[in-house]
Number of protein chains: 2
Amino acid sequence: MSVMDKKLTIKDIARLAGVSKGTVDRVLHKRGKVSQKAFDSVNAVLNEMDYEPNLIARNLKNNKIYSISVVIPDPSFDSYWLPCVRGIEEAIREFKAFNLSIKTHYFNPESTKSFINVNETVLALAPDAVLLAPLFYKEALNVAEKYHEEGIIVNTFNNQVQSEAIKNFVGQDLYQSGRVAARLLDLLSNNEQLAIIHLNESYKNAVHMQEKERGFRTYFSENNGQDSKIITLKLKNPSIETNLVQFLEENPNVTGVFITTSKAYQIAKIIGETEHRKIAIIGYDLIEENVAYLKQGTIDFLIHQNPKRQAYLGITCLVDHFIFSKEIPKTTLLPIDIVNSENASFYME
Amino acid sequence: MSVMDKKLTIKDIARLAGVSKGTVDRVLHKRGKVSQKAFDSVNAVLNEMDYEPNLIARNLKNNKIYSISVVIPDPSFDSYWLPCVRGIEEAIREFKAFNLSIKTHYFNPESTKSFINVNETVLALAPDAVLLAPLFYKEALNVAEKYHEEGIIVNTFNNQVQSEAIKNFVGQDLYQSGRVAARLLDLLSNNEQLAIIHLNESYKNAVHMQEKERGFRTYFSENNGQDSKIITLKLKNPSIETNLVQFLEENPNVTGVFITTSKAYQIAKIIGETEHRKIAIIGYDLIEENVAYLKQGTIDFLIHQNPKRQAYLGITCLVDHFIFSKEIPKTTLLPIDIVNSENASFYME
DNA sequence: ATTAAAAATGTGTTCGAACACATTTTTTAC
DNA sequence: GTAAAAAATGTGTTCGAACACATTTTTAAT
């Protein structure tokens, strides 16, 4: 079996099988209307020569414009989402040669109503696919179902929502990300008392935080045979500072904290100003304020959730499906990047 | 300026400018034989509408087969290179729709002669481009020059070689990677004595190791105002074990070691068997033996150099150039991934 | 003013897959 | 055995860019 220098075309297959290209086409696409004899001879050639269609030519002819609607929170409410916008722009740039129409729609991340409304709008646009950041679990289930009924493909990223109506999820294994944080704190803080801090977040992040906590605790129960030394703390504005200071006073053995949301900088600020002992801090996301405390040394590690790449892969997955007829994988898990002051810049482009 | 739903074609431009598509083509490709009047009216439309050629159609017509030769060490000598092979295979798969012929050529990483011979072979093949792992600095400079004289594009990865004949380098900032290791050890080992270990490597890695050491030392001199507590150790087979054990006995304050090559597992084995104090270990590369010690807890961190992605990006850079006529960037720096026992699996595909 | 040469412009074909449509062959019915 | 229906097969066009080639227009020369 020699490697062919020139790629086979439908015309070549037709010639080799002694039929016309139309017949080969019908065999390839299972359109029927082919005699058993022709079917066999074409298949014989196909098996022999393993033909691969030229995706470029296929796509050139196909003049359908695939429309993709992206539904994410408005970055002006939460700058966490800014990299997503850039990831989507990058995907648009990369695939501008193809017949794609990608439009982004923002919702207010603090309002389920806004989420529902924006999705109603998108539903009315009847796109071929939706890429969704399903911040609100219940509502997301609902809209996913509606899209699905209309034959619109629903892919998600950032938040995992279990539903048959959702084709793909791009994101991280949050349980494992809790374990990563645990391993880091385990090395840093000499097995003293540790705190998990769920900071200033509404129910919309409940699952997120729970999974991270579960991973964190499981790591320690596996490795130290006891998780009693871990304390969970829920802090909310405006009493964050007083409660945290009081907690640290009452628990002098706490040597490390794990903040499950992207607001670690708020804790870093308080600890940096009030505490004298060294307290290790681990948080999430490379937002500006966090990185400042990371470089300064107050925050020890940040876990990078790579929102830009999540959004980018969410789009490429759909493009691969529409343009290159690849099948959509159920989940796409991104690596859990550990970031310290010295490698942070590489993850912020 | 409204966003066009349908992309403009040459025909559209021709219609709008009141000329034929042939004339538009001549203007776009600066082929001359165009009157000033026609030139102006076409350009007026082009400026107005910002036309982008359909890369798919362009490529369909272009039936030149671009040949790329990849020159890397034989993975059977050093399994570090196995992921590179997979990265190249992935690139081949992804771009099989295009007119590409990518062939890999192996050399013996312990023999400069083999390196030179393989490159002579490739030179005789006269490919359009070469992707090179330039393990041997001087020899690489030489062959790059020869390729360049023949009009063959030379891209490199893994090792940085300064030369005008080399168009692109994909890899990591080794100085910064030394700093990453330093930051990690700084957090782990309570500012005791540290050791840098250059392990069992010939001159071919000299620059590599020096840069990492420089980054490592610079971090500490910046952050602690003294780098006297860092000791550099060069170990070679067969005396690794005796020398290391002796060193650790003579330096009881050493609490962390930084191994600048991929052979950290050799150190981990010795320390794991002979030492009773906790010594933090940081090394490079997710090879099987290293990961085993990472999971077991003897090695604390590994720095991932992502050889698979390096090779993959080396190819995509060339494909982008040949097929999509993008310009080649001088360097492509990959993030310096910090790996512990909990996130290792995500980097090993 | 006529013709040849030069310049400008337009037309037609190609790449490979997809599909509409035309043509041929086979089957069925009476 | 013949006509109509059904099945099978082949042909031609399209997508957009590139380029060879044909045609028209302009310029130069006598």
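Just so it is clear: chains get the letters A, B, ... in the order the sequence lines come, proteins before strands, and each one is counted from 1.
- The separation between A/Asn59 atom CG and D/dG16 atom P is 11 Å, rounded to whole Å.
- Atoms CG and CD, on B/Leu333 and B/Gln310 in that order, are 10.0 Å from each other to the nearest 0.5 Å.
- What separates CD1 of A/Ile56 from C1' of D/dG16 is a distance of 13 Å, to the nearest Å.
- Put simply, the side chain of A/Glu150 never gets that close to the backbone of A/Pro127: no donor and acceptor are under 3.5 Å apart.
- In this structure, A/Leu55 atom CG and C/dG16 atom C1' are separated by 11 Å, rounded to whole Å.
- Residue A/His105 holds its NE2 atom at 9.5 Å from CG of A/Asn119, rounded to the nearest 0.5 Å.
- Of the listed nucleotides (C/dA18, D/dA18, D/dG16), D/dA18 has the atom at the smallest distance from the side chain of B/Arg58.
- B/Leu60 places its CG atom 9 Å from the P atom of C/dA17, with the value rounded to the nearest Å.
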Could you walk me through whether B/Tyr51 and B/Asp12 pass the side-chain hydrogen bond (donor to acceptor under 3.5 Å, both in side chains) test, one step at a time? CA-CA 10 Å; B/Tyr51 159 83; B/Asp12 296 322; over 6 Å; no
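- Listed for the A/Gln305 side chain is no donor-acceptor partner under 3.5 Å among the backbone atoms of A/Leu334.
- Crowding of A/Lys37 atom NZ: a count of heavy atoms from other residues, nucleotides or ligands under 6.0 Å not exceeding 12.
- When the side-chain nitrogen and oxygen atoms of A/Tyr51 are compared with OP1 and OP2 of C/dG16, none of them lie within a distance under 4.0 Å.
- Atom CG in A/Asn54 sits about 16 Å away from atom P in D/dG16, given to the nearest Å.
- Taken to the nearest 0.5 Å, the OG1 atom of A/Thr316 stands 8.0 Å off from the CD atom of A/Glu94.
- Annotation: the terminal axes of the helix from C/dA1-D/dT30 to C/dC30-D/dG1 meet at 60°, where each axis is the rotation carrying the C1' atoms of four end pairs onto the next four (5 pairs per end, rounded to 10°).
- Proximity note for A/Lys61 (side chain, C-beta onward) versus D/dC19, D/dA17, C/dA18: the nearest is C/dA18.
- Looking at the side chain of A/Arg31, the nearest of the listed nucleotides C/dC19, D/dA17, C/dA17 is C/dC19.
- No donor-acceptor pair under 3.5 Å is formed between the side chain of A/Thr332 and the backbone N or O of A/Gly171.
- The distance between atom CZ of A/Phe98 and atom P of D/dC15, rounded to the nearest whole Å, is 19 Å.
- Using a 4.0 Å heavy-atom distance criterion, B/Asp25 is classed as a base contact.
- The CD1 atom of A/Ile323 sits 20 Å away from the P atom of C/dG16 (whole-angstrom rounding).
- Distance NZ (A/Lys11) to C1' (D/dT13): 14 Å, rounded to an integer number of Å.
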Between the protein and nucleotides 5-11 of chain C, which nitrogen or oxygen pairs come in under 3.5 angstrom?
residue: C/dT9; atom: OP1; partner: B/Ser35; partner atom: OG; Å: 2.6
residue: C/dT9; atom: OP2; partner: B/Ser35; partner atom: N; Å: 2.7
residue: C/dT9; atom: OP2; partner: B/Ser35; partner atom: OG; Å: 3.0
residue: C/dG10; atom: OP2; partner: B/Ser20; partner atom: N; Å: 2.5
residue: C/dG10; atom: OP2; partner: B/Ser20; partner atom: OG; Å: 2.9
residue: C/dG10; atom: OP2; partner: B/Thr23; partner atom: OG1; Å: 3.2
residue: C/dG10; atom: N7; partner: B/Arg26; partner atom: NH2; Å: 3.0
residue: C/dG10; atom: O6; partner: B/Arg26; partner atom: NH1; Å: 3.1

Scan the side chains in residues 84-91 of chain A for donor-acceptor partners under 3.5 Å anywhere in the protein, sequence neighbours excluded, and list what turns up.
residue: A/Arg86; atom: NH1; partner: A/Glu349; partner atom: OE1; Å: 3.1
residue: A/Arg86; atom: NH1; partner: A/Glu349; partner atom: OE2; Å: 3.2
residue: A/Glu90; atom: OE1; partner: A/Lys308; partner atom: NZ; Å: 3.0

